[in-house]
Undergrad: 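Supplied in structure tokens, the structure appears directly below.
The sequence lines fix the lettering, A, B, ..., with proteins before strands; numbering per chain opens at 1. This one's a predicted model, so the numbers in the text were calculated from it and none came from an experiment.
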Number of protein chains: 2
Amino acid sequence: MDVSCPERVILEHVTSRWGVLVLCELLDGAELRFSALRRAIGIVSEKMLTQTLRTLERDGFVLRRALPVIPPHVTYSLTPLGLEAAARVHALSVWTADAAPAVLSARTAYDAAHPSPS
Amino acid sequence: MDVSCPERVILEHVTSRWGVLVLCELLDGAELRFSALRRAIGIVSEKMLTQTLRTLERDGFVLRRALPVIPPHVTYSLTPLGLEAAARVHALSVWTADAAPAVLSARTAYDAAHPSPS
DNA sequence: CTGTATCCATGATGATACTG
DNA sequence: CAGTATCATCATGGATACAG
């Protein structure tokens with residue numbers, strides 16, 4: 001990741017593999033626990049989810065609230081800044097979903113025009 | 001990359017490290033040659049630029065025009081679909097640039113509150 | 001429950017040399 | 001000029017075990 005360009009790094013964070021999913025899950029203002037978030041996303045390792053949440057928290061997009069009880073009770077939600085980010089990422093995500101049919105047919109056309117040497 | 005989710009793959013393509021830069025360079029409707037594109041982006045290996053352009057071309061975002069002359073003359077530009085994608089990616093990129101100051105200060109606050117064990 | 005630490009597989013990226 | 005081929009390197013992601 002190009003460290004010389006701060007905005008690029010931020011962009012990578014919010015559009016990262018798991019970053020997109022975390023933001024979209026929290027977009028509705030929900031305050032989810034670690035395990036709930038993990039189940040909602042689907043298949044994601046603890047390590048990756050933790051790493052993604054740390055990054056987004058450090059960037060000021062995600063708010064982490066830990067209740068000092070045993071067993072631990074931690075919830076994650078979006079900050080106002082995170083809500084803005086999530087809304088935009090979600091919009092882009094929706095657009096790609098809309099564009100998917102066009103992309104798929106473009107791929108079919110491309111593959112037809114560029115046959116792999118068999 | 002999760003193959004089971006087509007739209008996610010498309011999102012990865014347009015928000016990829018070099019994909020973002022290619023789309024932004026071509027956003028103004030320019031029709032750039034391979035070497036011009038490479039210089040405009042800055043530091044990118046031939047391999048990565050080629051790979052990125054192939055992916056975007058296959059997805060129907062980029063149009064490749066090769067003139068059958070020697071030496072080869074190839075130009076790249078955006079398709080209408082690619083223009084839409086580029087506009088949205090660029091908008092997100094601009095937003096992250098705007099949000100950068102807030103993110104940077106959030107990081108400072110986070111690092112102050114979470115000192116690394118020294 | 002919510003993580004952290006470790007090791008390992010995989011893929012992305014890059015440098016270099018070469019071709020039509 | 002515009003790539004392709006190859007190899008080396010490095011970051012990313014995941015499985016597992018374990019700690020507070």
Undergrad: Round to a whole Å and report the spacing from CG of A:L67 to C1' of C:dG3.
TA: 16 Å
Undergrad: Would you mind reading off the distance between A:H114 atom NE2 and D:dG3 atom C1', rounded to a whole angstrom?
TA: 13 Å
Undergrad: Please check the phosphate of C:dT2 (OP1 and OP2 only) for any side-chain N or O of A:R65 closer than 4.0 Å.
TA: no
Undergrad: Below the 4.0 Å mark, does D:dC1 have OP1 or OP2 next to a side-chain nitrogen or oxygen of B:Y76?
TA: no
Undergrad: Would you find a donor on one side and an acceptor on the other, under 3.5 Å apart, between the side chain of A:T79 and the backbone of A:G60?
TA: yes
Undergrad: Between B:L32 (CG) and D:dC1 (P), how many Å, whole number?
TA: 15 Å
Undergrad: Considering non-hydrogen atoms only, spot the tightest contact between A:V14 and A:V89 and give its length.
TA: O-CG2, 3.9 Å
Undergrad: Between A:R64 and B:P72, which is nearer to the 5' end of DNA chain C once each is assigned its nearest nucleotide?
TA: A:R64
Undergrad: I'd like to know whether A:H90 forms a side chain to side chain contact (heavy atoms under 4.5 Å, CB included) with A:W95, so could you lay out the CA-CA distance, the side-chain angles of the two residues, the decisive distance to 0.1 Å, and finally the verdict.
TA: CA-CA 9 Å; A:H90 184 250; A:W95 180 82; over 6 Å; no
Undergrad: Return the nearest nucleotide to the side chain of B:F34; candidates are C:dC1, D:dA2, C:dT13.
TA: D:dA2
Undergrad: OP1 or OP2 of C:dT2 less than 4.0 angstrom from a side-chain nitrogen or oxygen of A:R33, does that happen here?
TA: yes
Undergrad: In terms of side-chain heavy atoms of B:V74, which of D:dC1, D:dG3, C:dG3 is nearest?
TA: D:dG3
Undergrad: Does one hydrophobic cluster hold both A:Y76 and A:L81, with members joined at side-chain heavy-atom distances below 4.5 Å?
TA: yes
Undergrad: Which atoms form the tightest heavy-atom contact between A:I41 and A:L21, and what is the distance?
TA: CG2-CD1, 3.8 Å
Undergrad: Where along residues 40-55 of chain A does a heavy atom fall under 4.0 Å from DNA chain C?
TA: A:E46, A:K47, A:T50, A:R54
Undergrad: Using whole Å, report how far NE2 of A:H73 lies from P of C:dC1.
TA: 12 Å
Undergrad: Provide, to the nearest angstrom, the distance between the CD1 atom belonging to A:I70 and the P atom belonging to C:dG3.
TA: 14 Å
Undergrad: Could you tell me which non-hydrogen atom of A:A66 sits nearest to which non-hydrogen atom of A:V74, and how far apart they are?
TA: CB-CG2, 3.9 Å
Undergrad: For the pair made of CD in B:E12 and P in D:dT12, what is the distance, rounded to whole Å?
TA: 13 Å
Undergrad: Quick one: do A:E31 and A:R65 make a salt bridge, cutoff under 4.0 Å?
TA: yes
Undergrad: Could you give the CD-to-P distance, from B:E57 to D:dA2, as a whole number of Å?
TA: 15 Å
